Amino acid sequence: MTERGRGGGAGCCAGDIRPEERGPEGRLSDILLIALGLGMTIPILAIESCNLFGAGHLPVLVLATPVQFLVGWKFYFGTYRSISAGRLDMNVLVVTSTTLAYSYSVYGTFRGGTTFFEASATVLTLMSIGEYLEHLAQGKVSYAVRKLMQLQPRTARTIQNGKPVDVDICRIAAGDTVLVKAGERIPVDGTVLEGTSSVDESMITGESIPVDKGAGDCVIGGTVNRNGILQVEATGVGERSALSQITRLVREAQESKAPVQRMADRAVSYFVPLVLMISLFAFLAWFLFAGQTLAFSLTVAVTILVIACPCALGIAVPTVIMVGLGRGAEMGILFKNAGALERTGRISTVALDKTGTLTLGEPELTDVVSGGGWSREDILGMAGNAECHSDHPLARAMVRAAGKSHSHNCDCTSFAAIPGYGVEGTCGNRTVLVGSRKLLMLKGLEPQDSLLDAASRLESRGKTTVFVAVDGEVAGVLALSDTLKPSSKEAVERLQAMNIRTIIVTGDNERTSKSIGLEAGIGRVMHGLSPMQKAETVQELKKEGGVVAMVGDGINDAPALARADVGMAIGSGTDIAIDAGDIVIVKSDLRNVSQAIGLSRRAMSKINQNLAFSLLYNSVGIAVAAGLLFPLTHQLVLSPLVAAIAEVLSDFIVIGNALLLRWYNP
Ligand code: ADP
Ligand code: MG
């Protein structure tokens, strides 16, 4: 993992745009060199083809020399770097081919033989153009990061002495109040204090329908306030803002290498020496065995080297990965690394958490059943008290129902959360236990039959039950109902239509889970699992074969997310700083799971297309360059010049195919 918040300026703003993300500007030296190359090569081609100076090649030598060493400098340097790193890359091919052509031509100039300065000059110029195009494409693929950073407003409006004042965004701190007018971008993550409006969050969550916001709602920096004036208390600023975190995730992912990329790199590392050998072999064959002239044989050797520059092979994978990661971010799907993008397309089983993943995670308290001398108010009051430090959705519902506000007026002296089971607290002079039946069993408590009956009755209606025990005695049972997210059923259907197995893994009891499963259309339900048991279940599923994904909310699902082949953490707006898992789904909508899989499948097919095309292009190109068609045509079909043009075109095709992914729409 890279260090946090790199490039964060003075530790305030969303970060700086890096040179490679800035696009074509700032590469003036490259443009000048290309201009120099063209300025020399065009006269060379004219002189050679019109035979302007009779037999004299000296003027061409004069023109070709700066191209060879000035325009060609970076290839020489690249060759030096590549060889000293113990590998051979495409620079080696460019340098070998052009140096051969150039040296032979110098020799020819003074000995009155053939020259092909036009070949070396054209190859170098075209290769420089090709390389420049790759840089342009790189700028194009990091458009995702650039676009994200441009979302960050530079200033925010605060109230000072009752008057609105614009201040630099870097000077805003958490707790400040900012004013956002209609049509403006919200400058910080925050909570609405006053006003109502509908906010367009599509740039962050991928959700195209604007979201209504009122007092108490969270807003995300970078989103657009469409109507109404909002007063927002800043909570996340600078590097802690959702926007910077998304930017950081996308960058880190784009810097990582996918396994398929390593494979392609290895292919390139074998490819270059192979081509050098083929070229040498072809030269010897034509010169020694076929009795051709030195010039002819050398042309063949040089053409092979030029056409085989494995640029297309080298960029086939990374361009697709970069564009895929960027497109994911646009849809609100943050892949944390390139490997995750690759694995996601192969997912065959999706395990889903229930609370907060399939369901809204905003349960409402519906019933309170007392089982002894306690009043229902007492039971609810004690539960609300014991839960007031817990962040669990069930806990929040109980606290709300008990009329308390979270973490305030809480009179419990000790508190312990038992993830996946419940909580234990000392309130006043009583020990209060709130949690599942398994928690009671764990503590050696047995509820009376009347409570067990009440619980099963409530559970069969899809409600989650929670027992309350006081001082070692079960006092009552609470029922909470959590509804399915409106999109969950459709999301499950989409997965099943893609032939992907779905399964619920939950800590909740059997009856409730099965009833939710029925509603969502999932037949296989694993219930009563602790966070560790969820991880073990994922492990079991992996043993059944295939690639297993776990989708969870990241609170108590972290072990399972980590154990899965692909862990998908469901975020909610500003909460994307989720450490567990390989993918963060910004919007809490499960349809993004099938979209992620679709995107990954498309990216992988683009990679395969690109690799197949590069291989085909190279093998056909090399064969033709080696003179395979010579017996038919009685002349060479390819010259180094045509080979260089073909090479640049093949780059174009690979880059263009990758960029198509930008418009992927599931
Ligand atoms: P899920 O797997 O559906 O997300 P959890 O693992 O969070 O559910 O919880 C499993 C069960 O443990 C809940 O259904 C509930 O009975 C109990 N539980 C967990 N946390 C709490 C809590 N803070 N208060 C009461 N009960 C809890
Ligand atoms: Mg959960």
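Heads up: numbering here begins at 1 and tracks the sequence. Atoms within a ligand are numbered from 1 in the order they appear, just like the ligands themselves. What you see is a predicted model, and the numbers here were worked out from it, not measured in a lab.
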Checklist entry - Is the backbone of Arg511 close enough, under 3.5 Å, to the side chain of Ser515 for a donor and an acceptor to pair up by distance? => result no
Item to check | Heavy-atom donor-acceptor pair, Ser600 side chain to Leu341 backbone, under 3.5 Å | outcome: yes
Item to check | Residue from Thr359, Asp482, Leu394 passing side chain to side chain contact (heavy atoms under 4.5 Å, CB included) with Thr464 | outcome: Leu394
Next on the checklist: Out of the candidates Val211, Asp212, Ile209, only one should pair with Ser198 under the side chain to side chain contact (heavy atoms under 4.5 Å, CB included) rule; please name it.
Outcome noted: Asp212
Under 4.0 Å to a heavy atom of [X] - the qualifying atoms of ligand 1, by number:
| X | value |
| --- | --- |
| Asp353 | 1 (P), 2 (O), 3 (O), 4 (O) |
| Ser390 | 23 (N) |
| Lys534 | 1 (P), 2 (O), 4 (O) |
| Thr464 | 14 (O) |
| Asp508 | 10 (C), 14 (O) |
| Val423 | 23 (N) |
| Ser436 | 16 (O) |
| Gly507 | 1 (P), 2 (O), 3 (O), 6 (O), 8 (O), 10 (C), 11 (C) |

Item to check | Contacts of type side chain to side chain contact (heavy atoms under 4.5 Å, CB included), residue Glu364, not counting sequence neighbours | outcome: Arg400
Checklist entry - Leu230 and Val199: side-chain contact (heavy atoms from CB on, under 4.5 Å), yes or no, with the steps? => result CA-CA 10 Å; Leu230 291 178; Val199 175; 4.2 Å; yes
Indicate yes or no: does an N/O atom of [X] lie under 3.5 Å from an N/O atom of ligand 1?
| X | result |
| --- | --- |
| Gly435 | no |
| Asp557 | no |
| Tyr421 | yes |
| Thr506 | yes |

Next on the checklist: Run the side chain to side chain donor-acceptor pair (under 3.5 Å) test against Glu536 and tell me which residues pass, sequence neighbours left out.
Outcome noted: none
Item to check | Any Arg437 heavy atom less than 4.0 Å to ligand 1 | outcome: no
Item to check | Check against side-chain contact (heavy atoms from CB on, under 4.5 Å), Thr537 and Leu529 | outcome: CA-CA 9 Å; Thr537 307; Leu529 304 173; 3.5 Å; yes
Next on the checklist: Taking atom CZ as the centre, does Arg461 end up with more than 12 heavy-atom neighbours from other residues, nucleotides or ligands that are less than 6.0 angstrom away?
Outcome noted: yes
Item to check | Whether over 12 other heavy atoms sit under 6.0 Å from Arg262 CZ | outcome: yes
Checklist outcome for this item: Any heavy atom of Leu394 under 4.0 Å from ligand 1? The part involved is side chain
Checklist entry - Side chain or backbone of Glu387 under 4.0 Å from ligand 1, or both, or neither, by non-hydrogen atoms? => result side chain
